[in-house]
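Reading through the structure tokens given below for one structure.
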Amino acid sequence: MKPGIFISFEGIDGAGKSSHVQAVADAFERAQRQVVLTREPGGTPLAEKLRDMVLHDSMDALSEVLLMFAARRDHLQQVIEPALDRGDVVVCDRFTDATFAYQGAGRGFDFAVLSQLEQWVQGFPSGGLRQPDLTLWFSLDPSIAAERLSNARVPDRFEAQPAAFFAKVHQGYLDRLHAEPARFARIDAANNMEQVRNQVMRVLHERFKVRAPR
Ligand code: TMP
């Protein structure tokens, strides 16, 4: 049995990552792999309820952090870990880097507390942490992202944040990349859709020998 693969997608709102999630899943399916396509916050019935709350109900920063990690815990236990145990490919739209970028860098929440929660939620009894094998970070100038979002649907609690918030979130992702460069691939999301797709597929091919679906 091939070992499971865990891939996460990250970026500020408006970076356009979600348009490429399905293409990555298709590429692995074409390579005869079972794929679980999922997202955070969300991915289980409980975590989807928590998503709805955290995106729409007003709350303080600690409640927001605790709900993100509660959703993640359920998602890991119900979906991600069983899929990886089966040898599936998990393609996840956002994971813990989003918590460090949005709640940590964006909201200014204590990084030490985030690290402690990460340890509780993602730690293995034998040591080490569950982390993606590859994180595709869709990197985009926050002012371009804001322009793209201005035509979007009614904004949620995060999309409604000012440009200064997204500048901090962007920096938060950059810091995560610098801390773990081997796990991250930085995708230039200012390019057009086709160029972005090609870059994503190049990364997949380099890391996993998987090719784009025709
Ligand atoms: P999405 O719109 O990409 O599905 O993400 C939902 C929103 O939730 C997005 O604005 C980022 C935010 N978010 C956090 O603030 N912290 C987290 O840990 C996660 C997973 C998402």
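Since the model is a prediction, treat every value here as computed from it, not as a measurement. Excluded from the calculations below are hydrogen atoms, water molecules and symmetry mates; all remaining heavy atoms, backbone and side chain alike, are included. Start at 1 and go down the list; that is how both ligands and their atoms are numbered.
In this structure, Gln199 contributes its side chain and Arg186 its backbone to a donor-acceptor pair below 3.5 Å. Checked by atom type and distance alone, the side chain of His75 never pairs as donor or acceptor with a backbone atom of Ala71 at under 3.5 Å.
In this pair, His170 and Trp137 present their aromatic rings tilted. The plane angle is within the 30 to 60° band. Aromatic ring orientation, Phe111 versus Phe100: parallel (interplanar angle below 30°, classes split at 30° and 60°). Ring orientation note: the planes of Tyr102 and Phe166 are nearly perpendicular, at an angle over 60° on the 30°/60° scale.
Assignment of Glu64 to the shell around ligand 1 is not supported, since no heavy atom sits closer than 4.0 Å. The shortest heavy-atom distance from Gln103 to ligand 1 is under 4.0 Å. Residue contact annotation: Arg72 has a non-hydrogen atom under 4.0 Å from ligand 1.
Looking at Leu55 against ligand 1, only its side chain comes within 4.0 Å, counting heavy atoms. Only the side chain of Asp13 comes within 4.0 Å of ligand 1, counting heavy atoms alone; its backbone N, CA, C and O stay farther away. Only side-chain heavy atoms of Arg51 come within less than 4.0 Å of ligand 1; its backbone N, CA, C and O stay farther off. Here Ser18 has no heavy atoms under 4.0 Å from ligand 1, in either its backbone or its side chain.
Arg94 NE, 3.5 Å is the protein heavy atom nearest to atom 1 (P) of ligand 1. For atom 12 (C) of ligand 1, the closest heavy atom belonging to the protein is Phe158 CD1, 3.8 Å.
For the atom pair Phe109 CZ and Asp60 CG, the distance stands at 8.0 Å (nearest 0.5 Å). For the atom pair CD1 of Ile5 and CG of Leu204, the computed distance is 9.0 Å after rounding to the nearest 0.5 Å.
Atom CD of Glu180 has more than 12 neighbouring heavy atoms from other residues, nucleotides or ligands inside a 6.0 Å radius.
Considering backbone and side-chain N/O atoms, Thr99 comes within less than 3.5 Å of an N/O atom of ligand 1. The distance criterion of under 3.5 Å between nitrogen or oxygen atoms is not met by Asp93 with respect to ligand 1.
Of all atoms in ligand 1, listed by their number and element, those nearer than 4.0 Å to a heavy atom of Ala98 are 16 (N), 17 (C), 18 (O), 19 (C), 20 (C). Listed by number with element, the atoms of ligand 1 under 4.0 Å from a non-hydrogen atom of Lys17 are 3 (O).
With Arg39, Glu40, Met68 as candidates, the residue nearest to atom 14 (C) of ligand 1 on a non-hydrogen basis is Met68.
Judged by distance alone, the side chains of Ser18 and Arg39 never bring a donor and an acceptor atom under 3.5 Å apart.
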